[in-house]
Amino acid sequence: TGAVYEPGTYRVRFVNTTGAPLVDLGVAYEGWQRNDQPRATAVALSLEIGATIIPLPALGFTTPQGADALGFVASGHSTAVDLSGTPIAAGGTFEIVFSMSAAGGTGSRDETGFDDLTVTTPRCGDGTLDAGETCDAGAANGTTICGCQLTCTFGASGAGCTAGGPGGSCVAPETCD
């Protein structure tokens, strides 16, 4: 039974150095488990921004209760996090919290580990529709008046252009719907 780390937590602190508020994040890691004991461990993750706790259920896992001889086994976990209700200010801090708890069985505990933790900041212009964007055409953003703009929003209704407009998009005078 040795040293007890459940219940227990590991915290990883980050600082938003993007120069802008974060309204969404990508979080991924590789979870390792060695299921050599008849006791299960539940791993849950959350994102903490000050006093606000956002559970990340897609990132959790539980080791099996029955022991096996497979050795260390890895499993990948990733999720997108919509922060539009609680943006992380430029220069603000946030934490990814790994929480472990007993999930059944008796005796010694399985070993768990965490590797390759990555936090990404999806951004306008990456070609992926993220929280807060109405469009994202990647490198094509801003090449037409009515299409997806550099701000990942569509051109304003009623905006117009004439022949020879940006990107050669207009062959005759027209307006956006």
Side-chain angles (χ1 to χ4, degrees), residues 1-139 152:
T1 55
V4 176
Y5 70 88
E6 55 181 55
T9 59
Y10 294 111
R11 296 174 171 274
V12 183
R13 178 172 282 193
F14 297 88
V15 177
N16 174 7
T17 60
T18 65
L22 296 175
V23 295
D24 58 359
L25 291 175
V27 180
Y29 76 99
E30 192 168 67
W32 287 85
Q33 63 186 25
R34 181 173 177 228
N35 183 40
D36 64 341
Q37 301 297 322
R39 186 172 186 165
T41 299
V43 177
L45 276 76
S46 61
L47 174 72
E48 294 188 11
I49 307 166
T52 302
I53 299 171
I54 302 170
L56 304 173
L59 296 179
F61 68 93
T62 301
T63 65
Q65 186 169 327
D68 62 45
L70 298 176
F72 279 97
V73 176
S75 57
H77 306 272
S78 65
T79 193
V81 184
D82 178 0
L83 300 172
S84 56
T86 312
I88 300 168
T93 62
F94 61 98
E95 294 181 333
I96 304 291
V97 180
F98 293 79
S99 300
M100 280 66 62
S101 61
T106 59
S108 294
R109 292 164 179 80
D110 292 329
E111 292 87 6
T112 55
F114 313 103
D115 196 15
D116 298 328
L117 174 63
T118 58
V119 176
T120 56
T121 55
R123 58 180 173 72
C124 179
D126 64 3
T128 302
L129 187 61
D130 300 309
E133 298 176 345
T134 55
C135 61
D136 192 332
C152 286

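Throughout, numbering of the chain's residues begins at 1 and tracks the sequence.
Defined by atom type and a distance below 3.5 Å, a donor-acceptor pair is present between the side-chain atoms of Ser75 and His77.
The side-chain heavy atoms of Met100 and Tyr10, taken from C-beta on, include a pair separated by under 4.5 Å. At least one side-chain heavy atom of Asp110 sits less than 4.5 Å from a side-chain heavy atom of Asp36. Taking 4.5 Å as the limit, some side-chain heavy atom of Pro64 sits within range of a side-chain heavy atom of Gln33. Put simply, the side chain of Val73 does not reach to within 4.5 Å of the side chain of Asn35, judged on heavy atoms. Using a 4.5 Å heavy-atom cutoff, the side chains of Leu59 and Ile96 are not in contact.
Between Phe98 and Phe114, the two ring planes are tilted [angle within 30° to 60°].
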Audit row: Leu47, Val81, side chain to side chain contact (heavy atoms under 4.5 Å, CB included) steps and yes/no = CA-CA 9 Å; Leu47 174 72; Val81 184; 4.0 Å; yes

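Shown here for Ala90 and Gly19, the closest heavy-atom pair between the two residues is CB-C, 3.7 Å. Contact record, Phe61 with Trp32: CZ-O, 4.2 Å, taken as the closest heavy-atom pair. Residue Ile53 comes nearest to Ser46 through the heavy atom pair CG2-CB, 4.0 Å, listed as atom of the first residue, atom of the second, then distance. Between Phe14 and Val119 the shortest heavy-atom distance is CZ-CG2, 3.6 Å. Closest approach of Cys135 to Cys152, counting heavy atoms only: O-CB, 3.0 Å.
Residue Glu30 holds its CD atom at 11.5 Å from OG of Ser78, rounded to the nearest 0.5 Å. To the nearest 0.5 Å, the span separating CG on Asp126 from CD on Glu133 amounts to 6.0 Å. The distance from the CG atom of Leu45 to the CG atom of Leu56 is 6.0 Å, given to the nearest 0.5 Å. Going from atom CZ of Arg34 over to atom OG1 of Thr112 covers 12.5 Å, rounded to the nearest 0.5 Å.
Listed for the Thr63 side chain is a donor-acceptor partner under 3.5 Å among the backbone atoms of Thr41.
The local environment of CZ in Arg13 is sparse, with at most 12 non-hydrogen atoms from other residues, nucleotides or ligands closer than 6.0 Å.
Partner of Asn16 under the side chain to side chain contact (heavy atoms under 4.5 Å, CB included) criterion, chosen from Leu25, Ile49, Leu22, Thr93: Leu22.
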